[in-house]
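Working notes, beginning with the structure itself.
All chains are named by letter (A, B, ...) in the order of the sequence lines, taking the proteins before the strands, and each is independently numbered beginning at 1.
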Amino acid sequence: MIESTCALRHNGETLAEKAGNRKGRSVIEFETVAHSYSGGELLSDVSLRLAPGSFHFLTGPSGSGKTTFLKLCYGALVPTSGSVRLFGEDVRTMNRDDIALARRRVGVVHQDCQFLDHLSLRENLALPLTVSGQEALDDDANLKELMGWVGLTARAEAMPPELSGGERQRAALARAIIMSPEVILADEPTGNVDWEMSQRLLTLLIELNRMGKTIMIATHDLGLIRAAKNQVQARVLRISGRRLQLAGADL
Amino acid sequence: MSAFQSILDFAIGDAQAERAVPPTGFTVRLTVFSAGAMAFLVVFALALSLAAGRLADRWSDELARSATVRISAPSEQMAAQTEAALNVLRTTQGVQSARALNLQEQRDLLAPWFGPELALETLPLPQMIEVIETAQGFDGDGLRLRLAGEVPGAVLDNHARWRAPLVAAAGSLRLLGWLSILLIVLATGAMITLAANAALAANAQVIAVMRLVGARDSYIAQAFMRRFTLRALGGAGVGTLLGALALMLLPSASQEGGFLTGLGFQGAHWLLLLLIPVLAGVVAFIATRLAARNTLRSLT
């Protein structure tokens with residue numbers, strides 16, 4: 001496998017050079033990964049290295065395995081075969097505490113934006129700090145700054161059910177980055193928002209990438225990918241027929 | 001970190017972690033009620049066990065060192081035979097003291113059956129002699145032979161015939177009390193496990209979110225364990241208090257009432273009540289810990 005921003009191998013073919021990747025330590029690494037559910041194999045022979053600071057889109061039809069791929073990226077699933085390494089450590093050798101610690105380095109934004117409905121937005125955003133043993137109050141200034149950055153200052157005390165789709169997506173993004181993770185994984189982050197809001201979210205993600213974060217966005221919204229074309233150097237990966245492929249030329 | 005510090009930290013808890021797990025209605029009530037009810041029952045089981053223990057101890061210790069000589073003789077020979085029996089007893093090795101019960105003492109013994117107004121003088125009652133043994137005791141068979149030879153109407157009763165089954169019964173009752181406590185503790189553990197499982201299942205989404213943001217399973221489990229331990233502690237505290245009040249309302253021990261009115265705590269035994277809520281808390285802690293560990297392991 002070739003170290004790269006995005007090194008792919010499909011049917012023995014290495015796509016890294018074609019992708020023109022930068023050299024660097026990989027934050028997440030897949031090696032001939034396969035994953036099966038009871039219904040059959042969903043992913044097969046997936047090899048990939050994500051370098052720090054890279055930006056990726058992950059596309060594919062519904063049910064192709066995008067969410068499964070992302071779950072493998074943050075240790076929520078263990079591959080059926082092959083190996084997934086998070087920050088250099090094989091998930092199969094990691095215990096639950098190791099996985100939990102690794103997740104503090106990976107911010108995840110889900111399409112359905114899971115929140116704790118009995119906590120206010122501010123408390124939800126501070127949850128990663130709380131569970132990691134940090135005093136959220138000490139980080140209150142950071143929290144306010146973060147809420148300002150995603151435009152939710154006025155909604156700090158709102159409860160999650162009171163938030164609109166766009167607000168929930170921005171809140172999920174804020175929660176994902178409050179621990180200043182190295183990697184941000186977003187699963188259909190614009191699935192429930194209008195075009196304007198999706199552009200706003202994309203801008204926030206691009207800003208994070210410029211701060212050095214590794215970004216991967218799973219989406220079937222080709223408009224979003226095109227919109228990113230002029231703003232960031234990104235790779236587009238596609239899951240098709242259980243395999244991971246490099247889709248088209250670099251953006 | 002010392003065990004005390006760990007317990008203190010657990011008791012103080014993490015307010016933010018507490019907030020993360022939402023209060024779930026029916027499991028709160030189930031845990032508090034079952035812990036309270038079980039604590040109430042434990043108070044009585046403990047009282048029963050301790051009272052039975054006291055009874056067994058008394059019967060086996062106090063009565064073990066006493067015996068009775070009963071003299072049945074025509075009234076004109078009664079005084080002579082009594083004196084003869086006392087002489088035999090005074091010269092028997094192992095007898096610390098021997099004395100004939102007076103009329104009033106015999107009346108007191110019979111009063112529970114015949115009432116206080118019994119005219120003993122009109123009844124052909126045997127004369128009773130109370131014998132207290134030394135620590136070494138006497139040779140019962142030898143004494144019987146001597147009495148048979150010198151006092152024809154005397155019968156020695158060292159209480160063994162009726163004392164042994166009573167002591168055994170009291171011992172069984174004490175064991176039954178402790179067994180009841182064990183069963184109550186196990187039932188409490190089972191109920192709290194059910195409640196904890198229900199709470200964990202109801203909060204699967206909360207657990208998923210907490211894991212997503214990097215919470216360790218031990219952190220998640222701790223939040224549930226603390227909640228259920230404190231609920232059980234509180235419920236058991238109330239149950240114990242009510243049980244103690246109910247015990248205090250029982251009629252006080254009296255000679256006529258016998259065993260039942262002696263059902264209660266004496267002296268330092270009251271302090272044992274303080275252990276009941278603690279025991280409930282420990283049971284809840286262990287039950288929730290096991291439930292959380294199993295549930296978190298099963299949730300991917």
TODO: Measure distances from A/Arg175 to the heavy atoms of chain B and classify the residue's part below 4.5 Å as side chain, backbone, both or neither.
DONE: side chain
TODO: Identify the two heavy atoms, one from B/Asp217 and one from A/Asp97, that lie closest to each other, and give their separation to 0.1 Å.
DONE: N-OD1, 4.3 Å
- [ ] Could you tell me whether the side chain of B/Val206 reaches within less than 4.5 Å of the side chain of A/Phe115, counting heavy atoms only?
- [x] no
Open item on the list: Please check this pair: side chain of A/Arg96 against backbone of B/Arg297, looking for a donor-acceptor N/O pair closer than 3.5 Å.
Closed with: yes
Open item on the list: Taking atom CZ as the centre, does B/Arg289 end up with more than 12 heavy-atom neighbours from other residues, nucleotides or ligands that are less than 6.0 angstrom away?
Closed with: no
TODO: Report the distance from atom CG of B/Asn203 to atom NE2 of A/His118, rounding to the nearest 0.5 Å.
DONE: 8.0 Å
Task: Backbone N/O of B/Val213 and side chain of A/Arg103: donor-acceptor pair under 3.5 Å - done: no
Open item on the list: Contact between A/Val131 and B/Arg216 at the side-chain level, heavy atoms closer than 4.5 Å - yes or no?
Closed with: no
TODO: Could you check A/Ile99 against B/Arg211 for side chain to side chain contact (heavy atoms under 4.5 Å, CB included), going step by step and ending with a plain yes or no?
DONE: CA-CA 9 Å; A/Ile99 297 277; B/Arg211 277 180 166 169; over 6 Å; no
- [ ] Take atom CD of A/Glu145 as the centre, draw a 6.0 Å sphere, and report whether it contains more than 12 heavy atoms from other residues, nucleotides or ligands.
- [x] no
Open item on the list: Tell me the closest heavy-atom pair linking B/Ala215 and A/Ala100, and the distance in Å.
Closed with: O-CB, 3.7 Å
Open item on the list: Looking at A/Phe87, I'd like to know if its CZ atom is crowded, meaning that more than 12 non-hydrogen atoms belonging to other residues, nucleotides or ligands lie closer than 6.0 Å.
Closed with: yes
